[in-house]
Chemist: 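Sending over a structure as structure tokens; questions will come in a sec.
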Amino acid sequence: MGSSGEAIRSINHWDMTVRSSAATTAKKATEDFGSLTFNEEAQRARLPKDVYRALRRSIAQGESLDPSIADIVASALKDWAVEHGATHYTHWFQPMTGITAEKHDAFLNPTPDGRAVAEFSGKELVKGEPDASSFPSGGMRSTFEARGYTAWDPTSPPWLLVTPQGTTLVIPTAFVSWTGEALDKKTPLLRSMEAISKQAVRILRLFGSKAQRVVTTCGPEQEYFLIDREFYFNRPDLINAGRTLFGAKPPKGQEMEDHYFGSIPDRVLAFMMDTERELYKVGVPVKTRHNEVAPSQYEVAPIFENANVATDHQMMTMEMMRRIAPKYGLACLLHEKPFAGVNGSGKHLNWSMSDDFGNNLLNPGETPHDNMQFLVFCGAVLRAVNKNQGLLRFSIASAGNDHRLGANEAPPAIISVFLGDMLTDIFQQIEKAGSAKTTKQGGVLDIGVTVLPKLPRDAGDRNRTSPFAFTGNKFEFRAVSANQSIAWPNIALNVAVTESLEYCAVELEKGLKEGKKLQAAVKLLLSKLIKENKRIIFNGNNYSDEWQKEAGKRGLLNHRTSVDAFGEALKPDVVKAFSRYGVLNDRELKARYEVALEQYNKTVNVEAQLAVLMANRYILPAAIRYQAEVAESVSAVKAAGANAKEARRSLEELVGLSEELKVRVDHLQKLLEHESNGEPLKHAKYFRDKVIPAMTTLRETGDALESIVPHDLWPFPTYREMLFIK
């Protein structure tokens, strides 16, 4: 283990390197953007016109691609990749681990004359065959049932992974078993997008739209921490668990509120710029960067995209940040709560719907009270959240997110909707009178300084405590965690909203069939939607104790832990909806439940084993060494005939904490010896009720020892060093 002094010297070296390095002339971002993707421009330039049009139809309209043109596309794709230095290709997929997977194959094939040629067929483009038994399957695959397939997703552009050692063509794919069951996150996401499109178009038709297709769109805000790699490698908990299992609160945390939107340190800014450049090249439209609330916490956010492509891009963003951070001597931490006592990290999922003309269906327009189409879609989302609180809570459930949800830093475990003053007023008008006559206006904000401009003011404020907030022309699902794929929250939202849109379509069609005008049918529907689902609307402080009580009175779910929420995936209405819209059959859905439980159990088990290891091998020896020093000092003082009262008191405190640490670590170790082959949910409850509380009490003792053991004896970098030395 290296010392903190060595780490600090390394940090100083990096800082001087960043400051003194000469500025390099880079290409314009507009020139770089998409340069390493087989995007529409590359397709148009390299494919025959009829093949290009067929591929674009497949992408834009969701049509199946004619297998006969796969060889032509594959050849053009291979030529493009090889010209950029690619020697290998990989089918890149997203198994239920929540991360990405890839197997690389070479383009090169030997020839009889001893040379080699680059070859890539349509069959190789369209289908790969990785082992399907080594990934989590929730019981859908046995160890001996290894056959699985990756299927090319033409709607997400292939891209090039460029490293100093070489280049690989990355082909986004779905991952299914030999039986055709979804083993990944992309397949059900694409299915859910088709389902919501069908029902959304059904409603648009009633309003006279000629739209053929609706896509869900999203833009996930990614929060993360950056710390020096020297510190990272001196923390076994960060290496193996992604979060600190011990760590005393520093004298200064985030109390001064001086980090949020503050000046970005040079080394961090260099990392951000480098990451952005690389993401631009592979077509990821990142736009925003800034310091977040906690010290050493930051955020990157992209522009809205098709939800499927955005999900791929989000996984690429996390991979790119992890890959580039070491270039600057940094470690990128994506855990939901790497440091206790300061804010954790979320991934706020901004979600909306857009038709094939580019119209955002959640854009209220200038006069929302007159915008019946918007009000129907907004009301449908309101109903979807109310009817599917449990599903949405399940979609963001994990052992890591349990450390974040419910604290005064993230939405609580209660799912509610913030509509804001303007929309709430409109819906209240509709509930009372059957229609809305006015829209609240924000007016103009006069700052009171002549030289400063008068600013147009929004009709309502924002609410950062809400788990699901309307933010102008989209909903922001704020409870999503930093470390997870956005695929599952997207899928859950899509299924919930699909069911709600179908309900609205049926109600409107029934009204029209009965002879009502569209406006009358819409008024009747909206009034019903509001009356039946208004309990989900809450515009106040979601962190308050009063809201906890009020939510209980309203009958809202409050799953405080993930273990409480897991069962929501198997509720009959949820199973029925996933099956009805062809997103996941009951076996596939149950597999997601099983995988979630398995990951929870494994995560807590790893953390508990690590806590035992760190306490026994690092903290206790450090405390005993200090005990010996203090005991020797006490003996020396007494031998000299002086009073060692305070030294003896310090020794007694140290001995007491050391004994307490040993008792608590032995207790935790004993708890970990329980039988682990039982029913997974029972096992998860045991971890939640027994193991996690034991880890908490062990940490309290360890952190108390950190506060009195000298710095030169303490085996780990402290919060004060990791969070503030940049």
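Model, not experiment: these values are computed from the prediction.
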Chemist: Output, in order, the C-alpha distance, side-chain angles, deciding distance and verdict of salt bridge (charged side-chain N to carboxylate O under 4.0 Å, His left out) for Arg699 and Asp703.
Modeler: CA-CA 6 Å; Arg699 176 176 188 146; Asp703 292 354; 3.2 Å; yes
Chemist: Between atom CD1 of Ile725 and atom CZ of Arg720, what is the distance when rounded to the nearest 0.5 Å?
Modeler: 6.0 Å
Chemist: Which residues pass the salt bridge (charged side-chain N to carboxylate O under 4.0 Å, His left out) test with Glu278, not counting sequence neighbours?
Modeler: Lys281
Chemist: Let's go through Ser481 and Gln484 carefully: what are the C-alpha distance in whole Å and the side-chain angles of both, what is the deciding distance for side chain to side chain donor-acceptor pair (under 3.5 Å) to 0.1 Å, and is it a yes or a no?
Modeler: CA-CA 6 Å; Ser481 65; Gln484 74 173 116; 3.3 Å; yes
Chemist: By side-chain hydrogen bond (donor to acceptor under 3.5 Å, both in side chains), which residues pair with Asn401, not counting sequence neighbours?
Modeler: Arg404
Chemist: Which residues satisfy the side-chain hydrogen bond (donor to acceptor under 3.5 Å, both in side chains) test with Gln314, sequence neighbours excluded?
Modeler: Gln222, Lys347
Chemist: Taking only residues two or more places apart in sequence or in another chain, which ones pass side-chain hydrogen bond (donor to acceptor under 3.5 Å, both in side chains) with Thr561?
Modeler: Asp564
Chemist: With Arg267 as the cation and Tyr328 as the aromatic partner, state whether NZ or CZ is under 6.0 Å from the six-membered ring centre and within 45° of the axis.
Modeler: no
Chemist: Kindly write out the residues that satisfy ring pair (Phe, Tyr, Trp, His ring centres under 6.0 Å) with Phe468, not counting sequence neighbours, or none if the list is empty.
Modeler: Phe475, Phe477
Chemist: Is any side-chain N of the basic residue among Lys590 and Glu594 closer than 4.0 Å to the acidic one's carboxylate O?
Modeler: yes
Chemist: Between Arg393 and Asp402, is the closest basic N to carboxylate O distance under 4.0 Å?
Modeler: yes
Chemist: Counting distance only, does the side-chain N/O of Ser650 pair as donor-acceptor with the main-chain N or O of Glu646 below 3.5 Å?
Modeler: yes
Chemist: Among residues at least two apart in sequence or on other chains, which ones pass salt bridge (charged side-chain N to carboxylate O under 4.0 Å, His left out) with Lys571?
Modeler: Glu568
Chemist: For Ala611, give me all partners under side chain to side chain contact (heavy atoms under 4.5 Å, CB included), at least two apart in sequence or on another chain.
Modeler: Leu245, Phe246, Leu668, Leu698
Chemist: In plain terms, say whether Arg243 and Asp237 are close enough for a salt bridge, that is, a side-chain N and a carboxylate O under 4.0 Å apart.
Modeler: no
Chemist: Are Glu598 and Lys602 close enough for a salt bridge, meaning some N to O gap below 4.0 Å?
Modeler: yes
Chemist: For Thr701, which residues count as a side-chain hydrogen bond (donor to acceptor under 3.5 Å, both in side chains) partner, sequence neighbours excluded?
Modeler: Glu660, Arg664
Chemist: Output all residues satisfying salt bridge (charged side-chain N to carboxylate O under 4.0 Å, His left out) with Glu673, sequence neighbours left out; order by chain, then residue number.
Modeler: Lys670
Chemist: So if I apply the side-chain hydrogen bond (donor to acceptor under 3.5 Å, both in side chains) rule between Ser345 and each of Gln297, Glu223, Glu336, which one comes out positive?
Modeler: Gln297
Chemist: Could you check whether Tyr600 and Phe687 have their ring centres less than 6.0 Å apart?
Modeler: no
Chemist: Got a sec, which residues hit salt bridge (charged side-chain N to carboxylate O under 4.0 Å, His left out) with Lys287, two or more places apart in sequence or on another chain?
Modeler: none
Chemist: Got a sec, which residues hit ring pair (Phe, Tyr, Trp, His ring centres under 6.0 Å) with Tyr719, two or more places apart in sequence or on another chain?
Modeler: Phe339
Chemist: Just to verify, what does Tyr686 make a ring pair (Phe, Tyr, Trp, His ring centres under 6.0 Å) with, not counting sequence neighbours?
Modeler: His674
Chemist: Establish, from distance only, whether the side-chain atoms of His348 and Glu299 form a donor-acceptor pair under 3.5 Å.
Modeler: no
